Amino acid sequence: MTPLELLIFITQTLVFPGFAYLFLLALFTEWYVRKLAARFENRLGPTYTGPHGLLQPLADFVKLLFKEEIELKYADNALINGTLIILPALFIAALFVIPWLGFSLVSFEGDLILVILLTGISSGLLYAIGWFSKNPYSVVGAVRAISQYLAFDIPLFILLLVPAVITNSLSISTISHKLWPSLLANPWLIPVWALSLGLVILVEQAELEENPFSIPHAEQEIVAGYFVEISGRRLAFYDLARDMQILLAGSLIGVTFLGLTWNPRSPLEAALNFIIVLAETLLVIFELVLIKCVTARLRIDQVLEAFWTYVIPLSIFILSIAIIVKGGLFPWV
Amino acid sequence: MGLKPKIVEKVLSNLLKRPFTEQYPFEKPVIPDGFRGVMKLDVDKCIGCGLCSRDCPSGAIEMKKYEHANRSVPVFHLYRCTFCYQCADSCPVKAISMTPVYELSTPDPFKLILEPKPEEVKPRPRGVRK
Amino acid sequence: MKSVKELFSEQEIVAERARRVYVKISKDKLRDVVKKMVELHDGQVYLSCITGVDWIDRMEVAYNIWVLPESCNYTLKVDLPRDNPEITSISDIIPGALFHECEVYDLLGIVFKGNPILKKPFILPEGMKKEFPLRKDYKI
Amino acid sequence: MSIIELIFGPQHPALHEPEMFRFHVDGEKVIEAIPRIGYVHRGIEKLFEQKTHVQNIYLSERICGICNVAHTLTYVNVIERAGDIDVPPRAKYLRVIVAELNRLHSHMLLLGAVAELMGFTTLFMLIWRDREKIMDLVELITGNRVISAYNTIGGVRRDIDSDKADKIRKVLLKVEEEWKEYKKTWMEDPTITRRTMGVGILKPRDALKYCVVGPVLRGSGVKSDVRKDDPYEVYGDIPFNVVTYDTCDSWARYMVRVDEILESINIILYALDNLPQGEIRRPLVRRLPEAEAFAKTEAPRGELVYHLYSKGGFKPYRLKVRTPTFANILGATIMFKGERIADIPVILGSIDPCFACEDRHTIVDLRSGKSFMLSSREITRKFSRGSKP
């Protein structure tokens, strides 16, 4: 590795599209979500810090870092701290796989599975936070989170396999590159793809625990659910992890289900790819925020019932149709 | 999980509308006539009968004796005031009127005492009531 | 019998205005009357409030019961001795009286025998176990 | 999971005012609910006895800020009944207008807050946006957004002219249009109906037994409205419907309020059209004869009762206030049994709890209220001690 290559490598890892970029983009996502929700509700949203309040999430983050941290007497502090350090790290690791420039820093066959694994671990960690807080509210929240987790993680995994089946690849970059060529090559796949796109947004909404599935941290019922005892620096890290989770959800669905990227050969093409990926991400987040804004919170039993009886069989059905159509098992295809 | 398009439509149309909220310190709200803000006392009209002080539900009005003019004039302690304007209602000579001033927050409660300056309180020419 | 008013004798009715009947009855008769009121209209009555008054020489409890089919409020006034104010609870006939009785006991010290949740600080702060603030001799 | 005691309040996001409920829960199921009331107990009933009838108008208003018009209305009603004071017809109509505006804004407050309790923030923001317009109307008529100080003994304190009447009409018609849409949302939105239907059942028989009042009673299918049963002011002359729903659940109680908003708008429009000319108030009466009076009105949250004993003179001997939430809270503990934790806010919201109303008498305020007239010197001493130790 020459010094120049090393410099490029370090810049890519630490600045763009690495840590600094992902950190700022996560904060931007928070601003985008807040502003969008505010506009949906005919309010102003953040306005004070920075132009149009752009710097408000950063200001909140920095402010939380300096806030007093409440020492929990009965909780397992070390475990909570450890969990909260791992949590944003998990999402950062997952975000490295997203092909921000048409290609990603980390890319290998099977990185889709890695991302799913990382999101699965994150759900487990949220449960741990709640359980170790030893607060009745957080315990109830954690129990709700874990019972919801199985119901939405299975269909999410199955539905993310649909574009993988369509493109014959388990690498996110490859899926993103080959999605439209494969779809156009076999137009029978388009309805399957459209159906899975609609369903995956709903499931992702549950994964993000936003309305109508914001049950584990339903503020009006159990205060804040599993993170009720989190404050100060811990809350800053929790919020950061949350922003990254939203960013990951948007970008993952954006690149795997909307595709449209290619392997760039010049910096200009890379820039074009970057704009496309960002636009896809923001579009998916727009959908997620829209769903959040037009629904009330459901009850845990209603959600579980709906997911186990409808969403999971439906997603299995979609996947099998995709396999059948892709595999050319229909005589007329 | 069917969504009713009505609320979706409304929410999307809100995107294009001007936000309803105001940025308060920069944009002032419109105050209608007859807003019950800080009261104003016409010292020359006041006959010092003390009805306002007697009817005040929160005890915010104190009758202060001005020795040089030999008359009593109400002093408003605004930090107790509930802005009901019973004093203006009770006043037989309509010496108390309302102003649209409403920004009263201050760290110093002494600023919230409406007290006529001694030179403003002139002796009444005739028939001074105690 | 069609009207609740017929339950009371002429002397017992203190005053009568539009949709208001004020009745003074004895302590022993109260439960019977309330029971009959409820039965007469098949439960179409509800208790508006129980007012306790300290008249210095005696205590008074006034049950205001609204009779829906008659659109009329019956105020049943019962006098009690001040040194030992005690009356039987009507909470088994009208369960809604539970909290009203607790409130009167809390503020005036009138004991409702048979009320299962009667306890001293009901709405008052915990430290006021022996004080009855609505009595006229309570020093503030 | 064994039985957990889950404590709701005195500080809890679902409760907008301090109140404590101890819920015994088994997993997600509520087994028992025990309320502890009295956190905002201000000693107002005792304070009533210390102040004159005129001062008490404004004190009664402070029992509850949201339904302040209902409180002053009931208070002046009880005084007028005790003192045989007649009120000019124009004042009666104006009282109805302001009371109904008060009901509008109170119901909007609740429905918005409940939308928020169910996590539906957008509906909450939109409803409260419209509520703001109603509050502007209250400000236009009375001079303040919330605490109106409008009713007085023997009439009302301000008149409205035709400009103001036109403006009220215009805004109300706009709000009515919006509310017809919101009504559809409340009736049809799947997430709302799933959360509220069949939750917190209170059968008509139980509703009467536990003496609940107002929309809670009407939501249980009992046709009882003080405005119809015991008409005060000019409600006897104004045509309107008593809204009842007979599904007896939380949804019914919310729908009663949604429909009452539309009814209230019609009442205000009718009152504006039929507003008689004439004076708006009689000379203030400060002294009452020896009398006993009992007045009740339909406050936004239900029947509001004032029971006055006067021994003559400037002050009441005893003034009992029974607020609607005090009557409804017992019914709520019945509704909770067997429901889930997630349903607690929905059920609690459906009785429209107003705990400041419910607890009326604290001693703390009373003690400082005793020295209610401080001279300048005393005040100086008090503040200088507080600020410069």
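Numbered from 1 within each chain, the chains take letters A, B, ... in sequence-line order. Keep in mind that this is a model prediction, so the values were computed, not measured. Atoms considered below: every heavy atom in the structure, side chains included; atoms not considered: hydrogens, waters and symmetry mates.
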**Item:** Heavy-atom contact with chain D under 4.5 Å, split by part of C/V14
**Value:** neither

**Request:** May I ask you to decide whether C/D92 forms a salt bridge with C/R31, counting only side-chain N to carboxylate O separations under 4.0 Å?
**Result:** yes

**Message:** Counting only non-hydrogen atoms closer than 4.5 Å, does D/P35 touch chain C with its backbone (N, CA, C, O), its side chain (CB onward), both, or neither?
**Reply:** side chain

**Request:** Taking all non-hydrogen atoms of both residues into account, name the closest pair between D/I347 and D/G200 and its distance.
**Result:** CD1-CA, 3.8 Å

**Request:** Report the option among C/D42, C/I94, C/I117 that has the most heavy-atom pairs separated by less than 4.5 Å from atoms of chain D.
**Result:** C/D42

**Asked** Do C/E60 and D/Y309 get their side chains close enough for a donor-acceptor pair, meaning under 3.5 Å?
**Response** yes

**Asked** Hey, is the main chain of D/F294 close enough, under 3.5 Å, to the side chain of C/R20 for a donor-acceptor pair?
**Response** yes

**Complete:** Of D/R36, D/E49, D/R205, D/R81, the largest count of non-hydrogen pairs under 4.5 angstrom with chain C goes to D/R36

**Request:** Among the options D/V305, D/D230, D/V212, D/L217, pick out the one with the most heavy-atom pairs lying under 4.5 Å from chain C.
**Result:** D/D230

**Asked** Does NZ or CZ of C/K136 lie under 6.0 Å from the centre of the six-membered ring of D/Y317, at an angle within 45° of the ring axis?
**Response** yes

**Asked** Centroid-to-centroid, D/F326 to C/H100, below 6.0 Å?
**Response** yes

**Prompt:** Between C/R135 and C/D137, is there a side-chain N and carboxylate O pair less than 4.0 Å apart?
**Reply:** no

**Request:** Name the option with the most non-hydrogen atom pairs under 4.5 Å to chain C; the candidates are D/K311, D/E303, D/K228.
**Result:** D/E303

**Message:** Report which part of C/F122 has an atom under 4.5 Å of a heavy atom belonging to chain D: side chain, backbone, both, or neither.
**Reply:** both

**Request:** Could you have a look at C/P95, C/A62, C/C72, C/A97 and say which one has the most heavy-atom pairs with chain D under 4.5 angstrom?
**Result:** C/P95

**Request:** Would you mind reporting whether D/I63 and D/F48 have side-chain heavy atoms less than 4.5 Å apart?
**Result:** yes

**Part of C/L47 within contact of chain D (heavy atom distance under 4.5 Å)** = both

**Complete:** Answer key: most heavy-atom pairs under 4.5 Å with chain D among C/A15, C/G52, C/S91, C/A18 is C/G52

**Item:** Residue D/E292 versus chain C: region with a heavy atom under 4.5 Å
**Value:** both

